[in-house]
Amino acid sequence: MISLGVLTSWVQRDDVDTVIALHGKQARRRGGTLPPRVMIYYLIAMALFGEEDYEGVMRRLTGPLRRMPGCWDPDWSLPTSGGITQARKRLGFQPLQTLFERIAVPVATMFTPGAFVAGRRLVSMDGMVFDVPDTGDNATEFGI
């Protein structure tokens with residue numbers, strides 16, 4: 001299971017705070033349930049747990065923290081999907097886009113075995129398939 005600790009080891013808190021400040025998306029009040037930093041990690045987790053609903057993704061992120069002594073406010077309660085939606089709207093897409101542009105770099109170096117062939121970096125592409133209803137409009141649009 002991927003937890004907030006694993007995410008923060010790959011996506012540094014300083015980078016997250018920098019893009020939040022760059023876009024002026026700092027928390028408007030203290031003690032909010034879903035501050036911008038949490039929402040950025042949450043949005044990354046949504047991509048990792050696409051099969052989960054909003055609350056399910058939040059449970060996956062926060063579950064391990066609840067069991068760690070001194071790490072959790074026992075008064076915190078899981079936000080509703082409506083609360084998560086509002087927090088996503090407040091954050092917008094710009095901070096996440098900027099974060100991606102700053103940190104999305106190739107992991108392999110020239111010395112990583114099997115990462116290069118004939119001086120060229122190997123890449124992997126992931127495909128996505130959508131099922132759409134069998135209608136005339138979809139046949140025209142998607143060529144099915």
Side-chain angles (χ1 to χ4, degrees), residues 1-116 121-144:
M1 175 183 338
I2 295 178
S3 69
L4 194 55
V6 173
L7 285 178
T8 57
S9 71
W10 283 95
V11 180
Q12 301 295 314
R13 181 178 175 162
D14 289 344
D15 291 326
V16 171
D17 290 344
T18 298
V19 298
I20 288 169
L22 182 67
H23 291 283
K25 298 292 185 172
Q26 294 89 342
R28 292 195 171 99
R29 61 187 168 93
R30 291 189 146 262
T33 304
L34 296 170
R37 181 187 307 127
V38 170
M39 286 310 299
I40 286 183
Y41 286 115
Y42 175 81
L43 292 171
I44 295 168
M46 281 182 61
L48 298 172
F49 303 115
E51 73 284 353
E52 296 280 351
D53 61 11
Y54 279 6
E55 291 94 349
V57 174
M58 190 62 72
R59 272 191 293 276
R60 283 184 177 260
L61 279 179
T62 60
L65 295 175
R66 290 175 186 249
R67 293 185 288 276
M68 295 174 69
C71 183
W72 195 255
D73 178 359
D75 294 332
W76 189 85
S77 61
L78 191 69
T80 64
S81 62
I84 294 170
T85 299
Q86 291 303 312
R88 288 182 69 191
K89 285 181 183 178
R90 281 191 304 272
L91 182 65
F93 73 90
Q94 299 90 349
L96 202 60
Q97 179 181 359
T98 302
L99 180 66
F100 177 82
E101 291 167 354
R102 292 174 77 112
I103 68 172
V105 296
V107 176
T109 69
M110 288 297 290
F111 304 106
T112 305
F116 289 80
R121 183 184 308 273
L122 294 176
V123 298
S124 173
M125 303 297 266
D126 187 11
M128 186 177 288
V129 177
F130 292 99
D131 287 329
V132 296
D134 188 14
T135 66
D137 288 342
N138 284 339
T140 301
E141 180 70 25
F142 299 109
I144 54 174

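Residues: numbered from 1 along the sequence shown. A quick note: this is a predicted structure, and the numbers were derived from the prediction, not measured.
To the nearest 0.5 Å, the span separating CG on Asp53 from CD on Glu51 amounts to 10.0 Å. In this structure, CG on Leu61 lies 8.0 Å from OH on Tyr42, to the nearest 0.5 angstrom. Taking CE from Met39 and CE from Met46, the interatomic distance works out to 8.0 Å, rounded to the nearest 0.5 Å. A distance of 11.0 Å separates CZ of Arg88 from OG of Ser81, quoted to the nearest 0.5 Å. Interatomic distance, OG1 of Thr18 versus CZ of Arg102, reported as 5.5 Å (0.5 Å rounding). Interatomic distance, Leu99 CG to Ile20 CD1, rounded to the nearest 0.5 Å: 9.0 Å.
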Practice prompt. Test Leu122 against Phe116 for side chain to side chain contact (heavy atoms under 4.5 Å, CB included), laying out the working first.
Written response: CA-CA 6 Å; Leu122 294 176; Phe116 289 80; over 6 Å; no

Show, in sequence, the C-alpha distance, side-chain angles and deciding distance for Arg13 and Arg37, and conclude whether the side chain to side chain contact (heavy atoms under 4.5 Å, CB included) test is met. CA-CA 8 Å; Arg13 181 178 175 162; Arg37 181 187 307 127; 2.8 Å; yes

Note to self: Would Thr85 and Thr80 count as a side chain to side chain contact (heavy atoms under 4.5 Å, CB included) here? Give the steps.
What the structure shows: CA-CA 9 Å; Thr85 299; Thr80 64; over 6 Å; no

Quiz item: Does the pair Leu43 and Leu91 meet the rule for a side chain to side chain contact (heavy atoms under 4.5 Å, CB included), with working shown?
Solution: CA-CA 10 Å; Leu43 292 171; Leu91 182 65; 3.7 Å; yes

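Geometrically, Arg60 engages Phe49 in a cation-pi contact defined by less than 6.0 Å to the ring centre and at most 45° from the axis.
With hydrogens and angles ignored, the 3.5 Å screen pairs a side-chain donor or acceptor of Asn138 with a backbone N or O of Pro133. Looking at Lys25, its side chain never comes within 3.5 Å of a backbone N or O of Gly92 through a donor-acceptor pair. Listed for the Tyr54 side chain is no donor-acceptor partner under 3.5 Å among the backbone atoms of Pro79.
When all heavy atoms of Val19 and Pro95 are compared, the pair lying nearest together is CG2-O, 3.6 Å.
A 6.0 Å sphere centred on CZ of Phe100 holds no more than 12 heavy atoms belonging to other residues, nucleotides or ligands.
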Side-chain donor/acceptor pairs under 3.5 Å, residues 106-115, sequence neighbours excluded:
{"unit_1": "Thr109", "atom_1": "OG1", "unit_2": "Phe111", "atom_2": "N", "d": "3.1"}
{"unit_1": "Thr109", "atom_1": "OG1", "unit_2": "Thr112", "atom_2": "OG1", "d": "3.4"}
{"unit_1": "Thr112", "atom_1": "OG1", "unit_2": "Thr109", "atom_2": "N", "d": "2.9"}
{"unit_1": "Thr112", "atom_1": "OG1", "unit_2": "Thr109", "atom_2": "O", "d": "3.4"}

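When each of Met58, Arg59, Glu52 is checked for a side-chain contact (heavy atoms from CB on, under 4.5 Å) with Glu55, only Arg59 meets the rule.
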